[in-house]
Amino acid sequence: MSEHRIELTVNGRPHSARVEARMSLGEFLREELGYTGTHLACEHGVCGACTVSVDGVAMRSCLMLAVQADGADVGTVEGLAAADGTLHPVQQALRDNFGLQCGFCTPGIAITLTTVLTDNPRASEAEMEAAMSGHVCRCTGYQGIRRAIRQLAGHGAGEAA
Ligand code: FES
Ligand code: FES
């Protein structure tokens with residue numbers, strides 16, 4: 001299998017590595033760089049657990065090859081909170097509204113919501129819910145996630161859908 005040198009930025013930090021051509025970006029982030037907050041589940045592009053941002057766009061890292069991320073600016077869940085540990089508003093909303101149980105799906109959901117809100121800080125509840133259509137959660141029944149979205153859309157914490 002051929003190997004290629006890639007250079008990319010993850011959460012603002014530059015990385016350079018040699019990677020096998022077949023290695024997925026998700027595998028690379030987890031196994032080569034140690035960003036294990038990116039979770040791999042279905043590895044078929046279905047569940048959304050592996051979602052990271054690539055140049056500001058939410059991408060399934062199980063479907064993207066590491067070599068395709070050469071030169072990219074990648075964001076993972078490890079990069080969301082502030083340096084002092086203050087949670088990103090998306091993380092805080094999920095926490096405030098019990099939008100997670102086991103947390104396996106949460107990094108991908110948090111990344112998708114942050115990309116939506118970075119694109120449009122005034123994104124509506126409907127727009128954020130539509131972005132969630134690519135995410136599967138096996139725990140929450142989705143109501144906590146929907147309440148978190150309502151909070152992010154400016155409807156206040158904990159209001160029932
Ligand atoms: S692990 Fe990538 S979509 Fe499920
Ligand atoms: S919180 Fe467990 S899979 Fe979503």
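Atoms considered below: every heavy atom in the structure, side chains included; atoms not considered: hydrogens, waters and symmetry mates. Atoms within each ligand, like the ligands themselves, are counted from 1 in listed order.
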Enquirer: Is Cys102 close enough to atom 2 (Fe) of ligand 2 that one of its N, O or S atoms comes in under 2.8 Å?
Expert: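 For Cys102, the answer is yes, given that an N, O or S atom comes within less than 2.8 Å of atom 2 (Fe) of ligand 2.
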Enquirer: Tell me the closest heavy-atom pair linking Ala130 and Ser133, and the distance in Å.
Expert: O-OG, 2.7 Å
Enquirer: Tell me whether Glu78 contacts the main-chain N or O of Gly37 through its side chain, where contact means a donor paired with an acceptor under 3.5 Å.
Expert: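 Checked: pair present.
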Enquirer: Decide, counting backbone as well as side-chain atoms, whether Cys139 has an N, O or S atom less than 2.8 Å from atom 2 (Fe) of ligand 2.
Expert: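 An N, O or S atom of Cys139 is closer than 2.8 Å to atom 2 (Fe) of ligand 2, so yes.
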Enquirer: Is Cys62 close enough to atom 2 (Fe) of ligand 1 that one of its N, O or S atoms comes in under 2.8 Å?
Expert: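 So Cys62 counts as coordinating atom 2 (Fe) of ligand 1, yes.
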Enquirer: Atom 4 (Fe) of ligand 1 to Cys47: any N/O/S contact under 2.8 Å?
Expert: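 Yes - counting backbone and side chain alike, Cys47 has an N, O or S atom under 2.8 Å.
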Enquirer: In terms of relative ring orientation, are Tyr35 and His15 parallel, tilted or perpendicular, with 30° and 60° separating the classes?
Expert: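 Ring orientation of Tyr35 relative to His15: perpendicular.
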Enquirer: Show me which atoms of ligand 2 lie under 4.0 Å from any heavy atom of Gly103.
Expert: 1 (S), 2 (Fe)
Enquirer: Please could you name the atoms of ligand 1 that Val46 approaches to less than 4.0 Å, counting only its heavy atoms?
Expert: 3 (S)
Enquirer: For the side chain of Arg30 and the backbone of Thr38, is there at least one donor-acceptor N/O pair under 3.5 Å apart?
Expert: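 Such a contact is found between Arg30 side chain and Thr38 backbone.
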Enquirer: Give the atoms of ligand 1, by number and element, whose distance to some non-hydrogen atom of Gly45 is under 4.0 Å.
Expert: 3 (S)
Enquirer: For Cys42, take its heavy atoms, then give the atoms of ligand 1 lying under 4.0 Å from any of them.
Expert: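 Atoms satisfying the 4.0 Å criterion: 1 (S), 3 (S), 4 (Fe).
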Enquirer: Between the side chain of His39 and the main-chain N/O of Ala49, is any donor-acceptor distance below 3.5 Å?
Expert: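 The answer is no, because no donor-acceptor pair under 3.5 Å joins these two groups.
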Enquirer: Could you tell me which non-hydrogen atom of Leu80 sits nearest to which non-hydrogen atom of Ala110, and how far apart they are?
Expert: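 Nearest pair, atom of Leu80 first, then Ala110: CD1-CB, 3.8 Å.
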Enquirer: Is it true that some N/O/S atom of Cys50, main chain or side chain, lies under 2.8 Å from atom 2 (Fe) of ligand 1?
Expert: yes
Enquirer: Heavy-atom contacts with Glu43 under 4.0 Å: which atoms of ligand 1 show up? List them by number with element.
Expert: 1 (S), 4 (Fe)
Enquirer: Answer yes or no: does atom CZ of Arg18 have more than 12 heavy-atom neighbours from other residues, nucleotides or ligands under 6.0 Å?
Expert: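 Yes, CZ of Arg18 has more than 12 neighbouring heavy atoms, counting only those of other groups under 6.0 Å.
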Enquirer: Return the closest protein heavy atom for atom 3 (S) of ligand 2 as residue, atom name and distance.
Expert: Arg138 N, 3.3 Å
Enquirer: At under 4.0 Å between heavy atoms, which part of Leu63 makes contact with ligand 1: side chain, backbone, both or neither?
Expert: neither
Enquirer: If only atom types and distance count, is the side chain of Asn97 paired as donor or acceptor with the main-chain N or O of Gly99 below 3.5 Å?
Expert: no
